[in-house]
Chemist: 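I have a structure I would like to understand better, so I am pasting it below and will then ask my questions one at a time.
This is a predicted model, so every value here is computed, not measured. Here is how names work: the chains are called A, B, and so on, in the same order as the sequence lines, proteins then strands, and each is numbered from 1.
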Protein chains: 2
Amino acid sequence: MSSDVTLKHIAEELGVSAMTVSRALNDRPNVDEKTKEKVIETAKRMGYTPNQVAKSLVSNKTHTIGVVIPEITHAFFPEVVRGIEEVTNDSDYQIFLTNANEQFSREKKAVRALQAQRVDGILISSSQTVDDFSFYKEIINSGTRVVFFDRCIENMGVSCVSVNDRVSSTEITEHLITEHKFKKIAYISGPQDVSVGHDRYMGFVDAMEKHTLPLKEKWIVRGGFQEEAGYDAMQELLALPVEERPEAVVTVNDPSAIGAIQAISEKGLSIPEDIAIVGFTDDIRAELLKVPLTTVRQPAYEVGRLAALKLIQTIENKDEPEEILEVQTELKIRSSCGCS
Amino acid sequence: MSSDVTLKHIAEELGVSAMTVSRALNDRPNVDEKTKEKVIETAKRMGYTPNQVAKSLVSNKTHTIGVVIPEITHAFFPEVVRGIEEVTNDSDYQIFLTNANEQFSREKKAVRALQAQRVDGILISSSQTVDDFSFYKEIINSGTRVVFFDRCIENMGVSCVSVNDRVSSTEITEHLITEHKFKKIAYISGPQDVSVGHDRYMGFVDAMEKHTLPLKEKWIVRGGFQEEAGYDAMQELLALPVEERPEAVVTVNDPSAIGAIQAISEKGLSIPEDIAIVGFTDDIRAELLKVPLTTVRQPAYEVGRLAALKLIQTIENKDEPEEILEVQTELKIRSSCGCS
DNA sequence: TTGTATGCGTTATCAT
DNA sequence: ATGATAACGCATACAA
């Protein structure tokens with residue numbers, strides 16, 4: 001109940017029909033210039049705000065996009081949202097933002113709500129960690145336009161914008177191998193059912209296999225995307241007998257690396273002398289750490305921009321083709337890997 | 001065009017009226033148990049999703065609230081949004097998030113769009129930097145429910161949740177005066193027309209006057225909320241003749257302080273020996289800086305939670321009273337002030 | 001150029 | 001318990 005003024009009210013005020021008012025305000029042809037002026041003036045005077053809800057009901061279009069992110073405090077996602085906004089702002093879409101907090105149940109609830117709101121499309125970075133695609137199959141089958149970003153769910157017949165995670169992960173691992181001659185390298189992983197979790201892990205494996213280095217089971221620790229997970233995973237590695245300890249650790253992302261660093265420090269060990277470590281994300285904090293973190297910079301803003309563009313095209317273009325877009329990362333070499 | 005199934009379709013399928021279907025699905029009385037079961041089963045089978053747009057049109061309620069923030073990359077706001085979401089998630093409101101990027105023109109555009117979407121209310125942290133309140137007067141007069149947070153616009157007859165900026169600013173300044181015996185203290189300010197900018201500056205002035213210390217004009221530098229502004233402002237201070245240089249600097253927020261620190265480092269000076277500095281916000285980076293930053297912790301999550309609660313009460317309660325809520329901050333003493 | 005009728009999907013109201 | 005009708009605010013299609 002913001003503005004109770006409707007087309008009808010303006011029409012009555014001026015003794016014309018609602019249609020004339022509608023035409024005048026929407027700049028449609030076949031309206032007398034004088035009438036038009038009067039209408040516009042009166043609308044302004046009466047404080048008229050068009051009712052988008054009613055418009056949507058008629059046009060079956062809400063000019064609205066839903067955005068579902070798994071984590072709002074992780075700096076990557078706000079930056080993606082900025083990229084999305086650059087696009088939506090120019091093309092007059094409003095965004096519904098929902099944060100799933102890494103919980104698939106909340107994600108599902110959010111998507112349902114967005115469907116009920118009849119958003120024109122949804123941008124999703126999924127928190128899903130199980131191999132059951134029925135939920136998104138159903139959503140997509142129902143005709144909802146979807147574009148995934150960063151954490152993609154594949155083979156759903158919809159577009160996706162992500163970072164070349166696997167290759168980047170290989171590159172940063174190879175840096176440890178070729179530049180620093182490390183052989184005993186551990187990996188702190190994210191959930192394997194989230195695409196970035198899987199891809200980054202596979203990139204690590206690629207590098208290790210290429211250089212025929214051992215992939216010891218005890219050096220592959222299941223962690224997660226957040227600091228605590230990295231901390232806990234590192235504790236596990238540090239609990240190994242000293243001679244079995246890895247020389248270097250590759251982590252699934254920077255928050256995880258930061259948690260691991262905390263564990264290393266608490267143990268009284270130093271980086272990179274005792275254990276080298278690298279991250280993934282280029283978190284805002286990476287450069288400021290006591291030992292600046294070597295990591296992979298992800299162009300978050302660009303991911304958001306591309307995903308939004310693709311979604312809007314998908315919305316406005318009947319048969320916009322499915323596309324898998326990858327944006328390129330950049331290795332950020334700092335000191336935590338052993339470089340100076 | 002997500003789900004084309006309507007009440008009518010289900011009704012036809014079952015040979016009943018749309019009303020019966022509506023009643024059944026909404027758990028209303030006066031529906032035969034058997035019919036109800038059938039309806040629910042059929043709705044599920046056909047993939048029915050209620051059309052919230054149509055519901056909104058008839059009920060004049062969208063179950064939607066708009067959130068307008070000035071800056072999404074500044075960590076404070078995502079944390080506020082998390083607090084807001086905790087509340088909206090429980091009470092089944094969806095949020096429309098818009099980021100004004102510190103531009104009042106974008107903020108106005110966003111508010112207009114939210115009004116057109118007929119959101120039930122709006123949470124705003126304003127980017128406005130001019131003393132012209134006509135915009136919000138009009139918005140509020142039109143009946144739109146508004147609650148301001150963090151950056152409040154006062155005397156508009158609406159509720160506001162903020163941090164006790166002025167007192168906190170006095171406290172951190174007094175820490176420099178009483179604990180460290182600084183007398184030559186400079187201030188890098190934010191825009192004076194934004195409430196937090198003004199209040200924090202006034203808190204600084206309060207402390208200086210209380211201890212009868214000089215408020216030299218050249219030591220009050222107009223900066224801004226972002227790093228570059230802090231950097232530029234510090235450059236100005238560093239350009240002063242050495243004997244006129246301040247011993248300590250109070251800044252309007254952490255990003256600003258971080259920019260200033262950069263300028264100090266580039267000049268080859270050290271913190272806190274040559275110049276002590278304090279911030280405001282407790283940015284995620286504050287603790288990780290080479291010289292950890294003394295600052296004021298703002299309970300962002302709590303600000304969001306309270307603001308959302310108040311707005312929802314305002315929406316659902318005809319005459320919910322206007323309220324000015326302040327949440328308490330906490331001094332975070334680290335090393336940049338001279339403490340060890 | 002302007003107006004009337006109709007429908008978007010849902011629910012309130014008043015029948016039956 | 002169920003149904004018919006009207007209404008929410010707007011725009012399309014057609015008529016005047």
Side-chain angles (χ1 to χ4, degrees), chain A residues 1-40 42-43 46-64 113 115-120 142-143, chain B residues 1-40 42-43 46-64 113 115-120 142-143:
Chain A
M1 209 223 295
S2 37
S3 158
D4 287 323
V5 184
T6 71
L7 287 185
K8 217 174 171 181
H9 295 140
I10 301 177
E12 281 166 3
E13 179 88 5
L14 284 141
V16 298
S17 79
M19 260 325 291
T20 303
V21 177
S22 170
R23 282 191 269 250
L25 293 177
N26 291 289
D27 219 21
R28 286 291 168 71
N30 297 328
V31 185
D32 185 273
E33 265 307 320
K34 292 212 159 169
T35 337
K36 189 164 166 180
E37 274 174 33
K38 262 187 208 159
V39 169
I40 292 176
T42 311
M46 297 179 73
Y48 173 75
T49 307
N51 187 327
Q52 182 58 42
V53 175
K55 284 196 181 185
S56 298
L57 187 59
V58 168
S59 65
N60 203 22
K61 183 133 187 10
T62 55
H63 274 281
T64 271
Q115 273 199 317
Q117 295 283 358
R118 292 300 189 268
V119 294
D120 296 332
S142 78
Chain B
M1 206 222 293
S2 39
S3 158
D4 287 324
V5 184
T6 72
L7 288 184
K8 217 173 171 183
H9 296 140
I10 302 176
E12 280 166 5
E13 177 90 4
L14 283 138
V16 297
S17 78
M19 258 326 289
T20 302
V21 178
S22 171
R23 281 192 269 249
L25 292 176
N26 291 287
D27 220 23
R28 286 290 167 70
N30 298 327
V31 183
D32 184 275
E33 265 307 321
K34 293 213 158 168
T35 338
K36 188 164 167 180
E37 275 174 32
K38 262 186 208 162
V39 169
I40 292 174
T42 311
M46 298 179 73
Y48 172 75
T49 308
N51 186 327
Q52 181 59 42
V53 175
K55 283 193 184 190
S56 298
L57 186 59
V58 52
S59 67
N60 203 20
K61 185 140 189 358
T62 55
H63 273 281
T64 270
Q115 272 199 318
Q117 295 284 358
R118 293 298 189 271
V119 294
D120 295 332
S142 79

Chemist: Test your reading of the model: is there a side-chain donor-acceptor pair from A:Asp32 to the backbone of A:Lys34, 3.5 Å cut-off?
Modeler: yes

Chemist: Between C:dC8 atom C1' and B:His9 atom NE2, what is the distance in whole Å?
Modeler: 12 Å

Chemist: Applying side chain to side chain donor-acceptor pair (under 3.5 Å), can you list everything that pairs with B:Lys61, at least two apart in sequence or on another chain?
Modeler: B:Tyr93, B:Asp120

Chemist: Excluding sequence neighbours, so at least two apart, what forms salt bridge (Lys or Arg N to Asp or Glu O under 4.0 Å) with A:Glu13?
Modeler: A:Arg45

Chemist: Do any N or O atoms from the side chain of B:Thr35 and from the backbone of B:Val31 form a donor-acceptor pair under 3.5 angstrom?
Modeler: no

Chemist: Tell me, please, the opening and closing nucleotides of DNA chain D, 5' to 3', among those with an atom under 4.0 angstrom from a non-hydrogen atom of chain A.
Modeler: D:dG9 to D:dT12

Chemist: For DNA chain D, what residues of residues 13-21 of chain B have any heavy atom nearer than 4.0 Å?
Modeler: B:Gly15, B:Val16, B:Ser17, B:Met19, B:Thr20

Chemist: Quick one: B:Lys8 NZ to C:dT10 C1', roughly how many Å, whole number?
Modeler: 12 Å

Chemist: Nearest-Å distance, CD (A:Gln117) to P (C:dG9)?
Modeler: 16 Å

Chemist: Show the nearest heavy-atom pair for residues A:Ile10 and A:Val21, with the distance to one decimal.
Modeler: CG2-CG1, 3.9 Å

Chemist: Report yes or no: does A:Thr62 contribute a side-chain atom to a donor-acceptor pair with the main-chain N or O of A:Arg118 at less than 3.5 Å?
Modeler: yes

Chemist: Using the closest heavy atom to pick a nucleotide of DNA chain D for each, name whichever of B:Thr35 or B:Val58 lands nearer the 5' end.
Modeler: B:Thr35

Chemist: Round to the nearest Å and state the distance from B:Lys55 atom NZ to C:dA12 atom P.
Modeler: 10 Å

Chemist: Please report, rounded to the nearest Å, how far the C1' atom of C:dC8 is from the CG atom of B:Asp4.
Modeler: 12 Å

Chemist: On a heavy-atom basis, which atom in A:Leu7 and which in A:Ser22 lie closest, and how many Å separate them?
Modeler: CD1-CB, 3.7 Å

Chemist: Kindly say whether B:Asp4 contributes a backbone atom to a donor-acceptor pair with the side chain of B:His9 at under 3.5 angstrom?
Modeler: yes

Chemist: B:Lys36 versus B:Asp27: any side-chain heavy-atom pair under 4.5 Å?
Modeler: yes

Chemist: Rounded to whole Å, how long is the line connecting atom CG of A:Asn60 with atom P of C:dG9?
Modeler: 7 Å

Chemist: Mind grabbing the angle between the end helix axes of the helix from C:dT1-D:dA16 to C:dT16-D:dA1? Five pairs an end, 10° rounding.
Modeler: 50°

Chemist: Of the non-hydrogen atoms in B:Tyr48 and B:Val5, which two are nearest, and what is the gap between them?
Modeler: CD1-O, 3.3 Å

Chemist: Quick one: does B:Thr6's side chain get under 4.5 Å of B:Asn51's, heavy atoms only?
Modeler: no

Chemist: Can you tell me how far C1' of C:dA12 sits from CG of B:Leu7, to the nearest Å?
Modeler: 14 Å

Chemist: Spell out, as yes or no, whether a donor-acceptor pair under 3.5 Å connects the side chain of A:Thr20 to the backbone of A:Val16.
Modeler: no

Chemist: Looking at residues 22-31 of chain B, who's got a heavy atom less than 4.0 Å off DNA chain C?
Modeler: B:Ser22, B:Asn26, B:Arg28

Chemist: Shortest non-hydrogen contact from B:Ser17 to B:Ala11?
Modeler: C-CB, 3.7 Å

Chemist: Grab the two heavy atoms, one from B:Leu57 and one from A:Ala54, that are nearest each other, plus how far apart they are.
Modeler: CD1-CB, 3.8 Å

Chemist: Using whole Å, report how far NZ of B:Lys61 lies from C1' of C:dG9.
Modeler: 19 Å

